[in-house]
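Everything below concerns the one structure shown next.
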Amino acid sequence: MTARERVKQLVRVWPKVYPDAHTELSFKNPLELLIATILSAQCTDKRVNLVTPALFKKYRTAKDYATAPPAELEKAIKSTGFFRSKTKSIRGATSKIVEKFAGQVPSTMEELRELPGVGRKTANVVLGNAFGKNEGIVVDTHVIRLSQRLGLTKKKDAVKIELDLMKLVPREHWTNWSHWLIWHGRRRCYARRPDCFNCEVFKLCPSGKTFLRNGMAKEPIKGDNLA
């Protein structure tokens, strides 16, 4: 089976396995998602979601963040880690939003990439989830791991992996593709000892049998998806 054939089957299976897959960052508007995504670097979504309710209540506009005293903002986000660099990114991005985009988060890849501290991954998150635009594929550690295990890329660099995936995955699925792989990575295809015995896409995974043969998979808990 070629990688393209595998993807063709996966886009039919994933919606059945994860019909409600979505970003697990809590947000109500593009600005909140931008801030949450910046905070999520080297931090779990769960931790970010514990911090953002109070943050979003206190800072409601781009100007609020841009004019916030650095020490005050650092204190508010400290538990997400790397709080000084994140504060710098948040204040830099929101200052640009105020100065150039009339206080509104821009909705194009080019404009988002103009914001300090906003790379392609963050831009993809905002475009796909806040604006419903499939401009690229979010590549995080889960997407990297599963893309390699599913035989969709041999690359290790996130940018190169995204390019490989964009050639294989139909554009209308780009945003959901990341959600599907991230959800599967968090719930089944763990970095250490993946749950191959209960994997819903085991038959489509070229790595699964290797994990089982080498004793690298978790012991079976229920059922059997390996036939």
Identify every side-chain donor-acceptor pair in residues 95-105 under 3.5 Å, counting partners at least two apart or on other chains, and give the distances.
from	atom 1	to	atom 2	distance (Å)
Ser95	OG	Arg91	O	2.6
Lys100	NZ	Glu114	OE1	2.5
Lys100	NZ	Glu114	OE2	3.4

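- The 12-atom threshold is not exceeded at CD of Gln42, counting heavy atoms of other residues, nucleotides or ligands nearer than 6.0 Å.
- Rounded to the nearest 0.5 Å, atoms CD1 (Ile137) and CG (Asn124) are 8.5 Å apart.
- Remark: Tyr190 OH is packed, more than 12 non-hydrogen atoms of other residues, nucleotides or ligands lying under 6.0 Å away.
- Side-chain atoms of Arg6 do not come within 3.5 Å of backbone N or O of Pro206 as any donor-acceptor pair.
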Chi angles and distances behind the ring-ring contact (aromatic ring centres under 6.0 Å, His included) call for Trp14, His173: CA-CA 11 Å; Trp14 286 134; His173 298 302; over 10 Å; no
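- Looking at Arg188, its side chain does come within 3.5 Å of a backbone N or O of Asn198 through a donor-acceptor pair.
- At a threshold of 4.5 Å between non-hydrogen side-chain atoms, the residues Lys16 and Glu200 do not count as touching.
- By the rule that hydrophobic residues join a cluster once side-chain heavy atoms approach within less than 4.5 Å of another member, Val118 and Phe82 end up as members of separate clusters.
- Side-chain N or O atoms of Asp64 include one that pairs as donor or acceptor with a backbone N or O of Thr61 at under 3.5 Å.
- Arg186 forms no cation-pi arrangement with Trp183, by the criterion of a distance under 6.0 Å to the ring centre and an angle within 45° of the ring axis.
- Side-chain atoms of Leu10 and Trp177, non-hydrogen and from C-beta on, do get closer than 4.5 Å to each other.
- Here side-chain hydrogen bond (donor to acceptor under 3.5 Å, both in side chains) pairs that include residues 127-142, with residues two or more places apart or in two chains, are Asn129-His179, Asn134-Thr175, Glu135-Arg171, His142-Arg145.
- With hydrophobic clusters built from ILVMFWY side chains whose heavy atoms lie under 4.5 angstrom apart, Val7 shares a cluster with Ile144.
- For Ser207 (side chain) and Arg149 (main-chain N/O), a donor-acceptor pair under 3.5 Å exists by modelled atom type.
- Side-chain contact between Leu115 and Pro106 is present, with heavy atoms from C-beta onward closer than 4.5 Å.
- Ion pair Asp195/Lys218 not flagged as a salt bridge, since none of the NZ, NE, NH1 or NH2 atoms sits closer than 4.0 Å to an Asp/Glu carboxylate oxygen.
- The minimum heavy-atom distance linking Asn176 with Ala21 is given by the pair OD1-O, 4.5 Å.
- Exactly one residue among Ile38, Leu34, Leu55 makes a side-chain contact (heavy atoms from CB on, under 4.5 Å) with Ile90. That residue is Ile38.
- One hydrophobic cluster, built from ILVMFWY side chains closer than 4.5 Å, cannot hold both Leu212 and Leu204; they sit in different ones.
- In terms of heavy atoms, Leu127 sits closest to Ser107 at CD2-O, 3.2 Å.
- Looking at heavy atoms from C-beta onward, Lys155 lies out of side-chain contact with Gln148 at the 4.5 angstrom threshold.
- Here the side chain of Asn214 pairs no donor or acceptor atom with the backbone of Met216 at under 3.5 angstrom.
- Within the model, atoms OG1 of Thr87 and NZ of Lys78 stand 11.0 Å from one another, a figure rounded to the nearest 0.5 Å.
- A heavy-atom distance below 4.5 Å is not found between the side chains of Val138 and Val143.
- The nearest pair of heavy atoms linking Arg193 to Gly215 is NH1-O, 3.2 Å.
- Judged purely by distance below 3.5 Å, without hydrogens or angles, the side chains of Tyr59 and Glu32 never pair a donor atom with an acceptor atom.
- When hydrophobic clusters are built by joining Ile, Leu, Val, Met, Phe, Trp and Tyr residues whose side-chain heavy atoms come closer than 4.5 Å, directly or via intermediates, Met109 is not grouped with Leu165.
- For the pair Thr80 and Val51, the tightest heavy-atom approach, listed with the atom from each and the gap, is CG2-CG2, 3.8 Å.
- To the nearest 0.5 angstrom, Ile35 atom CD1 is 11.5 Å from Ser40 atom OG.
- If you chain together hydrophobic residues whose side chains sit under 4.5 Å apart, Val13 and Leu168 fall into the same group.
- Summarising the geometry, atom OG1 belonging to Thr67 is positioned 9.0 Å from atom CD belonging to Glu72; distances are rounded to the nearest 0.5 Å.
- A distance of 10.5 Å separates OG1 of Thr52 from NZ of Lys28, quoted to the nearest 0.5 Å.
- Of the possible donor and acceptor atoms, one in the side chain of Lys86 sits under 3.5 Å from a partner among the backbone N and O of Leu39.
- Looking at Glu74, its side chain never comes within 3.5 Å of a backbone N or O of Phe83 through a donor-acceptor pair.
- With 3.5 Å as the limit, one finds no donor-acceptor pair spanning the side chains of Glu24 and Asn49.
- Counting only heavy atoms from C-beta outward, the side chains of Pro15 and Trp180 approach each other to under 4.5 Å.
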Trace of the side chain to side chain contact (heavy atoms under 4.5 Å, CB included) decision for Glu162 with Met166: CA-CA 6 Å; Glu162 182 185 6; Met166 288 169 69; 3.6 Å; yes
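- With rounding to the nearest 0.5 angstrom, the OG1 atom of Thr153 is 10.0 Å from the NZ atom of Lys160.
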